[in-house]
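Encoded as structure tokens, the structure appears first; notes follow it.
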Amino acid sequence: MCGRFTLIADMDLIVHRFKIAYLSDGLQLLPRYNIAPSQQVLAVVNDGEKNRLGQLRWGLIPSWAKDTRIGNKLINARAETVDEKASFRRSFARRRCLILADSFYEWKQGDGKKMPFRIRLKSGELFAFAGLWDRWVSPEGEAVYSCTIVTTSANALMTDIHGRMPVILQREDEEVWLDRGYDESDDLKQLLQPYPAEQMEAYEVSPFVNSPRNDTPECIERV
């Protein structure tokens with residue numbers, strides 16, 4: 001699964017890297033060292049013509065949900081069944097997004113405790129998780145835009161830490177993933193592969209990161 005990640009890159013880099021043509025009004029970006037479910041995450045969607053940058057609540061709330069609580073259970077979507085599950089099927093077909101990050105955390109079970117690890121690209125560069133989004137409207141008429149991160153089986157690096165990992169899209173596949181007009185399910189699922197292990201690295205960090213209340217550079221320091 002993927003339950004925490006970071007985004008430390010500055011806005012200028014993000015706008016250039018993801019060819020952003022439109023930013024949501026009032027959008028501000030602060031370094032985030034411990035992003036957790038139910039919080040706002042930075043995401044890219046395509047409106048059919050241009051890439052738009054905005055924020056989505058992490059934890060998908062399908063449009064048909066009775067209330068927002070379901071989002072607490074839908075922070076991840078399994079790549080293997082993303083086109084089958086009622087919660088994700090519609091978003092997979094028409095509402096795909098990029099969720100921006102520069103590392104993520106996973107916890108390894110050992111010696112009766114869980115040890116947190118930070119996983120990132122060896123290059124240190126920004127990347128995009130494959131995400132899905134949806135729009136839910138409350139009985140009072142308030143719209144909530146939310147998302148989930150697609151996960152796949154672990155690569156060779158991750159296997160020793162956890163059996164699953166988030167889908168990090170290859171850079172050349174991001175445009176296809178964002179294309180709302182493209183609905184070839186089998187082809188889209190082929191994009192949801194484990195990222196090459198040889199291009200990634202992992203190192204242990206302090207249990208300080210265990211609490212989502214902690215969101216400072218100490219979270220990413222090597223142990």
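For the numbers below, each heavy atom of this structure counts, side chains included, while hydrogens, waters and symmetry mates do not.
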> So, for W58 and C2, which heavy atoms are closest and what is the spacing to 0.1 Å?
Replying inline: CZ2-O, 3.2 Å
> Can L157 and M165 be said to form a side chain to side chain contact (heavy atoms under 4.5 Å, CB included), step by step?
Replying inline: CA-CA 10 Å; L157 174 74; M165 66 180 294; over 6 Å; no
>> Set out, in order, the CA-CA distance, both residues' side-chain angles and the distance that settles salt bridge (charged side-chain N to carboxylate O under 4.0 Å, His left out) for K108 and D160, then state yes or no.
In response: CA-CA 8 Å; K108 178 181 178 179; D160 187 52; 2.7 Å; yes
>> Evaluate L7 against V41 for side chain to side chain contact (heavy atoms under 4.5 Å, CB included), listing each step before the verdict.
In response: CA-CA 9 Å; L7 182 60; V41 302; over 6 Å; no
> Is any side-chain heavy atom of R135 closer than 4.5 Å to a side-chain heavy atom of R95?
Replying inline: yes
>> As an exercise, state the distance from CD of E201 to CZ of F117, rounded to the nearest 0.5 Å.
In response: 12.5 Å
>> Looking at I75, is its backbone amide N or carbonyl O close enough to the side chain of T148 to form a donor-acceptor pair, meaning the two atoms are under 3.5 Å apart?
In response: yes
>> Main chain of G131, side chain of W177: is a donor-acceptor contact present, judged purely on distance under 3.5 Å?
In response: yes
>> Please determine whether a side-chain nitrogen of the Lys or Arg among D215 and R32 lies less than 4.0 Å from a carboxylate oxygen of the Asp or Glu.
In response: yes
>> Which heavy atom of L126 sits nearest to which heavy atom of A101, and what is that distance?
In response: CD1-O, 3.3 Å
>> I'd like to know if the side chain of T81 reaches the main chain of K85, judged simply by a donor and an acceptor atom lying under 3.5 Å from each other, with no hydrogens or angles considered.
In response: no
> Distance under 6.0 Å and angle within 45° of the ring axis: does R4 meet both against Y105?
Replying inline: no
>> Is there a side chain to side chain contact (heavy atoms under 4.5 Å, CB included) between R164 and N76? Walk through the geometry before answering.
In response: CA-CA 11 Å; R164 305 283 298 176; N76 292 154; over 6 Å; no
> Where is the tightest heavy-atom contact between S206 and V223, given as atom of each residue plus distance?
Replying inline: N-CG2, 3.3 Å
> Would I99 end up clustered with L121 when hydrophobic side chains under 4.5 Å apart are linked, directly or stepwise?
Replying inline: yes
>> Surrounding CD of E172 (heavy atoms of other residues, nucleotides or ligands, distance under 6.0 Å), is the total greater than 12?
In response: yes
>> Within this structure, what is the CZ-CD distance for the pair R57 and Q39, rounded to the nearest 0.5 Å?
In response: 11.0 Å
> Considering residues, nucleotides and ligands other than D186, do more than 12 of their heavy atoms fall under 6.0 Å from its CG?
Replying inline: no
> Minimum heavy-atom separation for A77 to L132, with atom names?
Replying inline: CB-CD1, 4.4 Å
>> Can you tell me if E198 has over 12 outside heavy atoms packed within less than 6.0 Å of its CD?
In response: yes
> Just how far is it from atom CG of N155 to atom CD of Q199, taken to the nearest 0.5 Å?
Replying inline: 10.0 Å
>> Side chains of Y22 and D47: any donor to acceptor distance under 3.5 Å?
In response: no
> Considering all heavy atoms of both residues, which atom of V209 and which atom of V205 are nearest to each other, and what is their separation?
Replying inline: CG1-CG2, 4.1 Å
> Going by atom types only, do D83 and S185 share a side-chain donor-acceptor pair under 3.5 Å?
Replying inline: yes
> So, for V150 and L192, which heavy atoms are closest and what is the spacing to 0.1 Å?
Replying inline: CG1-CD1, 4.0 Å
> Quick one: which of R17, K19, R96 gives a salt bridge (charged side-chain N to carboxylate O under 4.0 Å, His left out) with E174?
Replying inline: R17
> What do the steps show when you test T6 against C219 for side chain to side chain contact (heavy atoms under 4.5 Å, CB included), and what is the final call?
Replying inline: CA-CA 9 Å; T6 71; C219 292; over 6 Å; no
>> Quick check on the hydrophobic clustering: are I70 and L60 connected, directly or via other members, by side-chain heavy-atom contacts under 4.5 Å?
In response: yes
> Taking C-beta and beyond as the side chain, do F88 and R78 meet within less than 4.5 Å on heavy atoms?
Replying inline: no
> Among N46, V15, V45, which one satisfies side-chain contact (heavy atoms from CB on, under 4.5 Å) with N51?
Replying inline: N46
> Would the number of heavy atoms belonging to other residues, nucleotides or ligands and lying under 6.0 Å from CD of E80 be above 12?
Replying inline: yes
>> Would you call the rings of F104 and F127 parallel, tilted or perpendicular, taking 30° and 60° as the class edges?
In response: perpendicular
